[in-house]
There are 2 protein chains.
Amino acid sequence: MNSQSEEDYLKALYHLEMDFDAVSTSSIAEYLNMKPSSVTDMLKKFAEKKFINYQKYKGTSLTKKGKLTALSIIRKHRLWETFLVEKLSFGWDQVHIIAEQLEHIKSEELIEKLDNFLDNPKYDPHGDPIPCKDGNIEEMNQKLLVELKTSQKGIITGVKKGTASLLNYLDKEKVKLGDSVKVIEILEFDGTYIVEINKRKLTFSEKICQNLLLETND
Amino acid sequence: MNSQSEEDYLKALYHLEMDFDAVSTSSIAEYLNMKPSSVTDMLKKFAEKKFINYQKYKGTSLTKKGKLTALSIIRKHRLWETFLVEKLSFGWDQVHIIAEQLEHIKSEELIEKLDNFLDNPKYDPHGDPIPCKDGNIEEMNQKLLVELKTSQKGIITGVKKGTASLLNYLDKEKVKLGDSVKVIEILEFDGTYIVEINKRKLTFSEKICQNLLLETND
DNA sequence: TCTAATTTTTAGTTTTGTCTAAAAAAATAT
DNA sequence: ATATTTTTTTAGACAAAACTAAAAATTAGA
Ligand SMILES: [Mn+2]
Ligand SMILES: [Mn+2]
Ligand SMILES: [Mn+2]
Ligand SMILES: [Mn+2]
């Protein structure tokens, strides 16, 4: 049985592996707000448990076993987030912290019943795909808003870093997943985007555009 | 913020205080499957935190603060149990172990929303009263089946020790909370009860009768 | 290429929560 | 009333998961 801490490390490894290819000790430490020396200790333990391929001073990568274990925790996290939003009417900006705890509850049956109760959702409240029981996960074909040029269109399908403050801001501006976006203008000076969403013109800073994920038809 | 372990100790103290008046170190140890020396350590910590009145070698009792903290965990436990039975269709014999974990999730808002989602239930699946937010809890007026004499009647409102094997057995015999019971005969030899429930005659061992709680009209 | 800076690992410490074994106190029995 | 048994506490050890400081390896710069 893996500890809470081990499970959080596994998720971190998985997420970091998505973005960068080889995962460094310091990147894990930064992600988890820990010191690199603590990470090294855990990496040794993970090597023992065959969760990672590890050689001193080289980076790490998850083994098949490690990846599957990580995906099962991510599955729980995203199902709980969905429960909190769909059934308990939490805002999408509130659920991550709570799911961070709920994901560690040990019970296969619980998660299968929860999945059922929620009608086997495909995506979590942030647009992220929910892995299925066997570890399969949809690869999404998304672009960042910042990659679009003037007059291009897309549909918002996710947020990259779902920080509460960003989610909150999107709520305030009534922007949600599924909304269509058209780029009206891109300011040369600071990369600000003027976009049209639901027939309203909105202004997004470059930083926001680096965090909005869209599905485009190209 | 109290640890998972501390929370389990507090609940143990609360439950033991219900049955016996002064709680001994060894009874806590037995209840939690720990060694008395470990309990002593925690009692010292609890004295520091003002959760208990503690004097070396004398027993312990919860302070107001300790009791309120215990009740808030019991509230969470019983609400989660209700959720698991009512919404996820778990059996009443399966939910205790899972709620033992869920009760430690930290979020005031979560538990209030859960309470709401469940329509503010008064009792958990085992018939135990759910404390309200402010720590108020209904005192139930119940008798054990073993206290009834021949021809007396009652309604099943709870189980004393809700061991899975007992709950399971009651399921098998189609006995549930709310059922009316009439004592037909008590065998002198071993204290076995012959009772009538839903027009069926059932035979309960003395041990079972020591665990069935009834509401009677006396 | 060789030195300097950065990253990673090692060594040793801390806290929490458990344990065993031994000492001390309290309860029980003769 | 005293001796024996039982309960409780103390003392010391251990594992997990974090830390700091120092050493070692790698990477980058001149
Ligand atoms: Mn977590
Ligand atoms: Mn999410
Ligand atoms: Mn618990
Ligand atoms: Mn219960």
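Values in this document were obtained by computation on a predicted structure and should not be read as measured data. In what follows, every chain begins at residue 1, and chains take the letters A, B, ... in the order their sequences are listed.
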Undergrad: With a 4.0 Å cutoff (strictly under), does any side-chain N or O of A:Lys56 reach OP1 or OP2 of C:dT10?
TA: yes

Undergrad: Rounding to a whole Å, what distance do you find between A:Tyr57:OH and C:dT8:C1'?
TA: 5 Å

Undergrad: Answer with base, sugar-phosphate or nothing: what part of the nucleic acid does A:Thr25 contact at a heavy-atom distance below 4.0 Å?
TA: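 Contact class for A:Thr25: sugar-phosphate only.
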
Undergrad: Check this for me, if you would: do B:Glu112 and B:Arg75 make a salt bridge, where the nitrogen-to-carboxylate-oxygen distance has to be below 4.0 angstrom?
TA: yes

Undergrad: Would A:Glu100 and B:Lys106 pass as an ion pair if we require N to O under 4.0 Å?
TA: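 Not counted as a salt bridge, because no side-chain N and carboxylate O are separated by less than 4.0 Å.
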
Undergrad: Hey, could you give me each pair passing side-chain hydrogen bond (donor to acceptor under 3.5 Å, both in side chains) that has a residue in residues 54-70 of chain A? Not counting sequence neighbours.
TA: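 Listed once each, the pairs are A:Asn53-A:Ser61.
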
Undergrad: For B:Ile28 and C:dT18, give me the distance from atom CD1 to atom C1', rounded to whole Å.
TA: 16 Å

Undergrad: Between which nucleotides of DNA chain D, read 5' to 3', does contact with chain B run, using atoms under 4.0 Å from its heavy atoms?
TA: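 Contact span on the strand: D:dT8 to D:dT10.
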
Undergrad: Please report, to 0.1 Å, the donor-acceptor pairs under 3.5 Å made by any side chain of residues 37-46 of chain B, with sequence neighbours excluded.
TA:
unit_1  : atom_1 : unit_2  : atom_2 : d
B:Thr40 : OG1    : B:Pro36 : O      : 3.2

Undergrad: Pick out which of A:Arg78, A:Glu81, A:Glu86 makes a side chain to side chain contact (heavy atoms under 4.5 Å, CB included) with A:Pro125.
TA: A:Glu81

Undergrad: Heavy-atom distance under 4.5 Å between the side chains of A:Lys149 and A:Val183, does that happen here?
TA: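 They are not in contact (no side-chain heavy atoms under 4.5 Å apart), so the answer is no.
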
Undergrad: Find out whether B:Glu103 and B:Lys11 are in side-chain contact, i.e. whether some heavy atom of one side chain is under 4.5 Å from a heavy atom of the other.
TA: yes

Undergrad: Would A:Phe83 and A:Phe117 count as a side-chain contact (heavy atoms from CB on, under 4.5 Å) if you check the C-alpha gap in whole Å, the side-chain angles of each, and the deciding distance to 0.1 Å?
TA: CA-CA 9 Å; A:Phe83 167 73; A:Phe117 181 58; 4.2 Å; yes

Undergrad: Decide if atom CG of B:Asp134 counts as having more than 12 heavy atoms of other residues, nucleotides or ligands within a radius under 6.0 Å.
TA: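 Yes.
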
Undergrad: Work out how much the helix from C:dT1-D:dA30 to C:dT30-D:dA1 bends between its end axes, five pairs an end, to the nearest 10 degrees.
TA: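 Angle reported: 10°, given to the nearest ten degrees.
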
Undergrad: Within the structure provided, determine whether B:Leu71 and B:Ile137 are in side-chain contact (heavy-atom separation under 4.5 Å).
TA: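 Side-chain contact under 4.5 Å: yes.
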
Undergrad: List in numerical order all residues of residues 1-20 of chain B for which some heavy atom is under 4.0 Å away from an atom belonging to DNA chain D.
TA: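 DNA chain D contact set from residues 1-20 of chain B: none.
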
Undergrad: Between A:Tyr193 and A:Leu187, is there a side-chain heavy-atom distance shorter than 4.5 Å?
TA: no

Undergrad: Closest-nucleotide mapping onto DNA chain D: is A:Asn33 or B:Ser27 further toward the 5' terminus? I mean the 5' end.
TA: B:Ser27

Undergrad: OP1 or OP2 of C:dT8 sitting under 4.0 Å from any side-chain N/O of A:Ser26?
TA: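 A:Ser26 to C:dT8 OP1/OP2: side-chain N or O found under 4.0 Å.
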
Undergrad: DNA chain D: A:Ser38 or A:Lys58, which has the more 5' nearest nucleotide?
TA: A:Ser38

Undergrad: Determine whether a donor-acceptor pair (N or O, by modelled atom type, separation under 3.5 Å) exists between the side chain of B:Asn211 and the backbone of B:Lys207.
TA: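 Here the side-chain-to-backbone pair exists.
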
Undergrad: Under a 4.5 Å cut-off applied to non-hydrogen side-chain atoms, are A:Ile74 and A:His15 in contact?
TA: yes

Undergrad: Taking DNA chain C as the partner, which of residues 39-50 of chain B come within under 4.0 angstrom of it by heavy atom?
TA: B:Asp41, B:Lys45

Undergrad: In whole Å, I'd like the distance from the OH atom of B:Tyr54 to the P atom of C:dA25.
TA: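 The distance from OH of B:Tyr54 to P of C:dA25 comes to 13 Å, rounded to the nearest Å.
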
